[in-house]
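Structure first, then comments.
What you are looking at is a predicted structure, and each value in this text was computed from that prediction instead of being measured.
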Amino acid sequence: MWCHLKGELSKGWEDCTVDRLLLLLAFRKREQSPLDKTFLKQNWTSLKIVGKKTFTHILHVLMKSVEQPQLVPQLLEGLVAELIRKKGDLELFWKNVGNPLVVSTLPRKHMGLGLFSQLLTYTDNLEQVSKMLFPDVARVICRTADHKDSQLEVCNKVKAQIVEKCRLQGESTGVLHIVKNFIQTAYKLNSTEFLQSATFSEIINELQKDEVLVFARVCMDAVLKKDSWNIGTGESKLNDKWSRTLASFLRQVAGMLVSCQSDFTCHILQFLLLHSFFSITKESADILHCQEVGVELSQAERAHCQTMFYRILSQLLSMRPEKVSKQQHVMNFIKLVTNLARYAQVLLESSENVKPVKAIGQEVHEQWHKIMEVVKEMDQKKTKKSSVEVLSSSHVFVLLILHLAFDLFTAPASAIELLQDIYVCREKALSKRTQKKMEDEGEPDWVEVMTEVLLSLLSRASQFARKTTVAVFWAFSSQLTPSALLLITEVLKNKKSKENGEEDLFEFEEMETEDEAAKTVNNTDKEKSDSDVESNEDISADESADDDDSDDDIEEGGVDEELRKSVKAALGPAAVNSDDDVEEEEDLSDSEMFQLDEQLAAAFKSMKRPTKKERKKKRVAITCFQLRALDLVEVVIKGEQCGSLGLELLEPLLQLVVLKVKPKGEGQQSGELQLCKRATELFHLLCKQRNLVDHIHTREEMLEVTQTLLQMAHTVNTPQLATEVANGCLFIMRLMTQPAATETSPIKTRGSCKTSELDNNTKHTSDEGQLAFLDIIKGALNEDFVIRRNPKINTAFYSSMIQKYPVVFWPLSEVLMKSLHNPDTKVHTKTQACAFLGSLLRLNKRETLSQSQWEAFVNAASPLFREVALLQQKENLKLGLMQEFLMALYHAAVMANEIEKQILLPADVMDHLTTLKSAFNKDTRCAHNKLTHLLYQAEHRKTKGQKRKRSVTNADSHQNSDSENRSVSV
């Protein structure tokens with residue numbers, strides 16, 4: 001081979017092609033290579049193929065290799081492998097070969113990224129990576145929009161390798177340098193696309209604690225438009241776009257500082273609190289973050305600070321560190337918010353140095369004073385306790401009060417109104433611990449009032465309000481009452497506003513929240529939203545509806561009585577009563593007429609019906625509200641009150657689940673589909689709960705809910721929804737098998753009665769509840785299969801129950817056999833009855849049924865099977881019915897013993913079925929073969945046993961005769 005290729009390789013670097021260079025590298029890999037030193041020096045300039053003297057030639061070959069793109073990956077791999085084998089300098093190789101490719105045309109940039117990826121696999125030195133990465137490779141990475149789909153794969157691979165190199169650094173520093181250079185590169189390109197990507201976020205996550213603090217200070221300076229890193233290359237201040245871009249990293253940095261157990265998170269939040277709601281008028285060395293006046297922030301910039309403030313609080317409340325209990329996490333968050341409230345109190349008291357952005361009245365100052373008294377009271381109770389602090393009702397109220405404290409700066413009226421209710425609830429809740437006072441008649445329980453307050457907070461478009469509401473609700477969910485839960489379920493049942501203009505149960509408050517404040521920021525510079533936290537909020541209505549809807553027209557005919565009253569009130573003394581004789585009155589003056597015109601216009605405007613666009617917008621708002629209310633439902637399902645309150649959740653959740661499948665032609669918005677999906681998840685979670693005990697509802701109430709679910713089963717039209725309704729019924733059955741609410745709890749009677757006596761009582765109660773539930777299901781099945789003879793409930797409803805609890809629903813076999821015996825039953829119904837009967841026989845075992853149950857079945861089934869079998873004729877044979885009937889016979893034969901097989905399947909029945917075999921299809925013939933093979937095996941075992949018994953008897957007789965002969969001879 002060498003003699004044929006030597007001439008080609010002797011040409012060296014002159015007009016070198018990719019094929020020639022690959023051939024050279026291939027010979028170089030061989031152990032006994034014919035390439036000696038003389039040949040390499042004479043033809044290839046140097047002994048090192050990849051060295052300082054050959055870099056220019058290699059670059060020239062790579063520049064021409066764009067004509068053969070299929071060979072480029074192999075060539076790059078070979079060059080890097082040869083460089084590493086000869087222990088060459090990676091940085092020098094990249095500077096002379098790789099970097100010129102990256103700054104060239106787009107195809108060569110793609111080649112340069114591939115070479116950079118190959119080099120990264122051979123180095124773990126982050127400083128070396130940084131020198132090769134910046135500035136040219138980083139510039140290519142930051143402009144991913146310029147790449148084609150084929151080039152994005154290499155670019156994404158390089159990004160993943162950079163993240164991995166940062167992760168492997170451990171406790172060593174250097175990641176901050178990469179972060180800084182990426183920001184500088186993106187600033188020069190005026191593109192924030194890469195900085196908002198998941199790759200850059202992962203790089204930031206690898207910062208060490210000291211680096212995080214430095215980066216946090218840089219981001220805080222960016223809020224005030226300070227360029228601490230000099231990324232603007234000489235510009236004194238950052239523009240609005242880059243100020244918001246860097247400030248947006250404070251959210252991620254705050255979460256990282258919490259995991260590092262750093263107090264700097266509170267420092268960041270205090271900074272954002274100051275610049276969200278206050279303005280520095282005079283510098284003060286005694287007040288944190290007020291050492292200098294700085295620039296005056298615009299309204300949009302303060303709105304962005306406010307958005308970041310609330311989003312960080314929401315993130316910290318929902319992000320629980322590892323090895324920290326939920327109670328301790330809430331306690332730590334309360335401490336953080338308490339420190340923020342104290343800082344806000346300091347700002348309010350320093351009127352000479354700081355002033356609120358919006359004027360604050362005396363009532364707000366009084367509320368702040370009262371809030372700080374509540375905080376002081378909590379601190380005093382804390383100092384009196386020597387043990388570990390535990391989350392109590394007092395802490396929960398403080399958390400809710402402090403949440404509303406920040407709303408005093410934006411919407412003081414609604415915040416003060418809610419605070420008044422919370423103070424009353426707090427007083428009642430804490431007094432119950434010391435004195436057992438009876439509430440006045442007609443006065444609602446404090447838990448109900450608190451639930452109303454929390455629902456009011458949920459109606460706001462605020463993630464922080466949502467997270468706070470869930471945390472507070474979780475804290476006192478153990479004291480939740482059915483009447484309080486009813487307020488939540490009414491929200492889930494809330495429909496669209498009625499045609500007659502009836503208002504919905506809950507009105508949505510229009511207040512400026514952090515989400516609304518974010519809308520005031522320039523739309524082109526919006527930061528990337530957190531999809532895991534805010535996915536349930538992003539539901540947009542279709543704005544293409546026509547404002548001029550036919551519903552807006554005034555109906556002809558009679559006048560609405562409500563409109564009549566409004567017009568009469570507007571006219572006042574000028575109103576005319578048509579029923580009485582009216583005396584002629586004096587004409588009104590012009591001023592009086594103008595005044596009446598304004599009043600009449602207001603009256604007619606109040607009676608105007610909403611447009612289609614307005615109704616759709618309101619429906620979207622209600623759907624969002626219901627999604628948030630499901631968060632509270634999840635707390636109840638996962639809490640200790642699930643057994644007592646789960647029954648109240650079945651119907652509202654099922655109503656939302658049923659909405660998942662709509663008839664053809666009825667469209668659904670994304671919000672409604674999301675609501676149905678969320679409700680389905682919670683319904684499945686509820687039905688999976690086991691060993692629940694209901695201490696509130698009686699057995700009669702549970703049976704009433706079962707009847708309601710049965711009525712719902714009549715309305716569903718898909719097997720999936722029928723199965724969901726069946727799961728709800730089975731949940732009730734499991735509740736009924738536990739001790740009833742009116743009976744004494746086993747925990748309370750454990751010391752006063754014997755264990756065996758208690759177990760017998762519990763078992764007796766369980767059997768009664770199970771039988772009562774079974775009677776309802778048997779009644780529904782009897783109505784569908786015997787009385788109606790045409791099932792109105794989807795058969796998946798019964799099938800799901802039978803498959804999950806075959807032993808419990810064995811008594812349904814009586815109803816199924818009645819349906820088969822009735823000659824008026826339709827063929828389809830008989831087929832379904834045979835299928836259900838086969839399922840009962842297949843899923844049950846002989847050991848799980850009592851002897852009386854099985855004997856009763858055999859006595860009832862033997863004449864029925866004979867009757868059904870003999871009625872089948874070739875002329876009118878129904879193959880579906882025959883197939884299910886044969887499978888039911890097969891499963892019955894499997895459970896039966898030898899004698900019972902003959903009773904259930906006598907010879908004449910089998911002979912008749914055999915005569916019909918020629919008319920069977922493939923599936924029916926297969927079922928018949930299974931049955932006959934089973935009977936053949938049973939007969940074969942019987943014959944074999946008889947032969948064995950006969951042989952044993954003969955052997956005994958021969959042995960007896962031999963002994964007699966020996967005795968005679970003796």
Side-chain angles (χ1 to χ4, degrees), residues 251 254-263 265-266 268-270 273 309-343 371-372 374-383 385 387-407 418-419 422 425-426 429-430 433 446-447 450-451 453-455 457-458 460 462-480 484 530 532-533 628 631-642:
R251 183 180 181 183
M256 295 171 63
L257 290 172
V258 169
S259 61
C260 297
Q261 297 180 354
S262 173
D263 295 333
T265 302
C266 183
I268 296 175
L269 287 170
Q270 290 172 342
L273 172 65
F309 175 73
Y310 283 118
R311 285 183 176 176
I312 292 175
L313 286 176
S314 176
Q315 178 187 7
L316 296 180
L317 183 56
S318 59
M319 185 182 66
R320 178 161 58 95
E322 296 181 0
K323 299 181 181 180
V324 176
S325 64
K326 192 169 184 178
Q327 288 192 354
Q328 186 60 42
H329 174 63
V330 175
M331 289 295 302
N332 295 338
F333 184 79
I334 293 175
K335 294 177 183 177
L336 173 66
V337 181
T338 302
N339 291 333
L340 294 178
R342 292 194 181 99
Y343 179 71
I371 289 171
M372 298 313 297
V374 173
V375 173
K376 185 177 180 180
E377 182 181 347
M378 182 187 67
D379 293 337
Q380 291 176 351
K381 291 182 178 180
K382 188 189 308 181
T383 55
K385 296 181 180 180
S387 59
V388 180
E389 193 174 6
V390 181
L391 184 67
S392 62
S393 299
S394 176
H395 296 96
V396 174
F397 283 107
V398 169
L399 173 60
L400 193 56
I401 290 172
L402 291 177
H403 167 77
L404 292 172
F406 302 119
D407 289 343
L418 291 177
L419 282 171
I422 295 173
C425 293
R426 178 174 178 269
L430 298 181
R433 297 184 176 274
W446 70 269
V447 179
M450 279 295 296
T451 305
V453 171
L454 294 180
L455 287 174
L457 288 177
L458 277 182
R460 302 180 178 184
S462 167
Q463 277 294 321
F464 182 41
R466 180 176 181 178
K467 297 298 180 182
T468 305
T469 300
V470 174
V472 172
F473 186 78
W474 168 80
F476 74 83
S477 60
S478 59
Q479 305 179 50
L480 198 66
D530 189 357
D532 294 334
V533 179
R628 302 185 196 114
D631 291 343
L632 305 184
V633 173
E634 183 179 8
V635 173
V636 177
I637 294 175
K638 294 181 178 180
E640 58 186 33
Q641 288 276 73
C642 182

Rounded to the nearest 0.5 Å, the CG atom of Asp407 sits from the CZ atom of Arg460 at a distance of 4.5 Å
Of all heavy-atom pairs linking Ile334 and His395, the shortest is CD1-O, 3.4 Å
In this structure, CG of Leu400 is separated from CD1 of Ile422 (nearest 0.5 Å) by 3.5 Å
Q) Do the side chains of Cys425 and Val453 get nearer than 4.5 Å, heavy atoms only? A) no
_Using side-chain contact (heavy atoms from CB on, under 4.5 Å), reason through Phe473 and Asp631 one step at a time and then give a plain yes or no._
CA-CA 10 Å; Phe473 186 78; Asp631 291 343; over 6 Å; no
One should read off an interatomic distance between Leu273 CG and Cys266 SG, to the nearest 0.5 angstrom, of 9.5 Å
Side-chain contact, heavy-atom cut-off 4.5 Å: Trp446 with Gln479? yes
Applying ring-ring contact (aromatic ring centres under 6.0 Å, His included) to Tyr343 and not counting sequence neighbours gives none
By side chain to side chain contact (heavy atoms under 4.5 Å, CB included), Ser325 pairs with (sequence neighbours left out) Gln327, Gln328
Applying side chain to side chain contact (heavy atoms under 4.5 Å, CB included) to Ala484 and not counting sequence neighbours gives Val447, Glu448, Thr451, Leu480, Thr481
Those residues at least two apart in sequence (or on a different chain) that pass salt bridge (Lys or Arg N to Asp or Glu O under 4.0 Å) with Arg320 are none
Residues passing the side-chain hydrogen bond (donor to acceptor under 3.5 Å, both in side chains) test with Lys326, sequence neighbours excluded, are none
Could you tell me whether the side chain of Lys467 reaches within less than 4.5 Å of the side chain of Val470, counting heavy atoms only? no
Rounding to 0.5 Å, atoms OG1 (Thr469) and CG (Leu454) come to a distance of 5.5 Å
Which of Leu269, Leu317, Leu402 passes side chain to side chain contact (heavy atoms under 4.5 Å, CB included) with Leu336? Answer is Leu269
Could you check if a side-chain atom of Leu404 sits within less than 4.5 angstrom of a side-chain atom of Ile371, using non-hydrogen atoms only? no
CZ (Arg466) and OG1 (Thr468) are apart, to the nearest 0.5 Å, by 12.0 Å
Gly255 and Leu316 have their tightest heavy-atom pair at CA-CD2, 4.4 Å
**Asked** Within a strict 4.5 Å, meaning less than it, do heavy atoms of the Asp263 and Leu257 side chains meet?
**Response** no
| Does some side-chain heavy atom of His403 sit less than 4.5 Å from a side-chain heavy atom of Leu457? | yes
Applying side-chain hydrogen bond (donor to acceptor under 3.5 Å, both in side chains) to Glu634 and not counting sequence neighbours gives Lys638, Arg678
**Request:** Flag the pair Val374 / Phe397 as yes when at least one side-chain heavy-atom distance between them is below 4.5 Å, and no otherwise.
**Result:** no
**Prompt:** Hey, what's the ring geometry for Phe309 with Phe406, parallel, tilted or perpendicular (30° and 60° as the breaks)?
**Reply:** perpendicular
- Task: Could you check Gln315 against Arg251 for side-chain contact (heavy atoms from CB on, under 4.5 Å), going step by step and ending with a plain yes or no?
- Result: CA-CA 8 Å; Gln315 178 187 7; Arg251 183 180 181 183; 3.0 Å; yes
Heavy atoms of Ala341 and Met372 approach each other most closely as O-SD, 4.1 Å
Output for pair (Thr338 OG1, Ile401 CD1), nearest 0.5 Å, gives 10.5 Å
Those residues at least two apart in sequence (or on a different chain) that pass side chain to side chain contact (heavy atoms under 4.5 Å, CB included) with Ser477 are Val635
Closest heavy-atom pair, Val472 versus Met450, reported as atoms and distance to 0.1 Å, is CG1-CE, 4.2 Å
